[in-house]
Amino acid sequence: MIGVFDSGFGGLAVLREFLRVLPHYDYLYLGDNARIPYGTRSDAVVLKFTQQAVAYLFAQGCVLIILACHTASSKALRTIQQKYLPLHYPENRVLGVVIPTVEEALARSVSKRIGVIATEGTVASNSFKIELRKLDPTVQVFQQACPLLVPIIECGEQDGEVADLMLAKYLTPLLAHQIDTLILGCTHYSILKPKIQHYVNSGVEIICSGEVTAMKLADYLQRHPEIETRLSRNGRRRYLTTDLTPRFRELAGLFMREEIEAEVVQL
Ligand code: DGL
């Protein structure tokens, strides 16, 4: 199975893209809804929570796990790849969303002035900046933490005035830097893509990590038959969550664009 992990619901939007591009594989989704948000937590806590989730998904039979959560990809992925995997699951793989997104942003940017919007934790980790600069040391990166966007979306206010106000506050400084490409560096922000596109207008290319990661995953699986041949292909999906609140159905439906049934698990 392919495991997909997120701090909550947002990763369902990433999974949706995987299902569109690679529908025949079996997927196991895990959202840590009991402990969301990760975006305001320390490096040590994000690492601990993510490692617990990864261990759980491997124990369920996943061979490959994608960290759909940008905060986990930024703060925990490297340590998991370098320390946890070689010790516990040397044959398995954990991948994130930052590197595929960065590669695509660099391919599409002409001026090499790239904006990044993300959670406080992702911005503080500088993960996007570091990875962009590794691939192109001349690139100029302008980051903006957007701590209110996740709660606005989770409260169902994504179409309202408060979303417009906050987007204006967060995007205006980035536009002043004359970016030509904007990375949506958080699972939730794809929900706001039409509003963001409207605000930045057509001169700015928007990079959505879900779409990009799905394309790059297809490419990765072609290049790695040692992983691909171990994946089951029955088109099955299972959804796990660490908390099931009355609003689960509504929020999961917002990201997945269809109703899902989830099982509650403890990590
Ligand atoms: N999933 C997180 C991310 O992509 C956003 C929600 C949170 O803060 O946990 O960064």
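For the single chain, residues carry numbers from 1 onward in sequence order. Ligands are counted one by one from 1 in listed order, and the atoms in each one are counted from 1 as well. Predicted, not measured: the structure shown is a model, and the values here were computed from it.
- Considering all non-hydrogen atoms of both residues, D243 and N33 come closest at O-CB, 3.7 Å.
- Considering backbone and side-chain N/O of H70, one or more are found under 3.5 Å from N/O of ligand 1.
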Chi angles and distances behind the salt bridge (charged side-chain N to carboxylate O under 4.0 Å, His left out) call for E131, R78: CA-CA 12 Å; E131 298 301 336; R78 184 160 303 233; 3.0 Å; yes
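- The heavy-atom pair separating I80 from P86 by the smallest distance is O-CD, 4.3 Å.
- In summary, the aromatic rings of H188 and F255 are positioned with their centroids under 6.0 Å apart.
- Within the structure, ligand 1 lacks G10 among the residues with a heavy atom less than 4.0 angstrom away.
- Residue contacts with ligand 1: Y38 is placed with a nitrogen or oxygen under 3.5 Å of a nitrogen or oxygen of the ligand (distance criterion only).
- Less than 4.0 angstrom separates some heavy atom of I36 from each of these atoms of ligand 1: 9 (O).
- Interface atoms of ligand 1 facing G39, defined by a heavy-atom separation under 4.0 Å, are 7 (C), 8 (O), 9 (O).
- The backbone and the side chain of T71 each have at least one atom closer than 4.0 Å to an atom of ligand 1 (non-hydrogen atoms only).
- Scanning all protein heavy atoms for the shortest distance to atom 5 (C) of ligand 1 gives C186 SG, 3.6 Å.
- For a threshold of 3.5 Å applied to N or O pairs, the pair formed by P37 and ligand 1 contains no separation below that value.
- Taking every heavy atom of S7 and a limit of under 4.0 angstrom, the matching atoms of ligand 1 come to 1 (N), 2 (C), 6 (C), 7 (C), 9 (O).
- Contact annotation: the side chain of L106 approaches that of K112 to within less than 4.5 Å [non-hydrogen atoms, C-beta and beyond].
- Nearest approach of C62 to N92, heavy atoms of both residues: O-ND2, 3.5 Å.
- Between S111 and Q178 the shortest side-chain heavy-atom distance does not fall below 4.5 Å.
- Between D6 and ligand 1, at least one pair of N/O atoms sits closer than 3.5 Å.
- Contact annotation: for T119 versus ligand 1, heavy atoms closer than 4.0 Å belong to the side chain alone.
- Side-chain N or O atoms of Y29 include one that pairs as donor or acceptor with a backbone N or O of L12 at under 3.5 Å.
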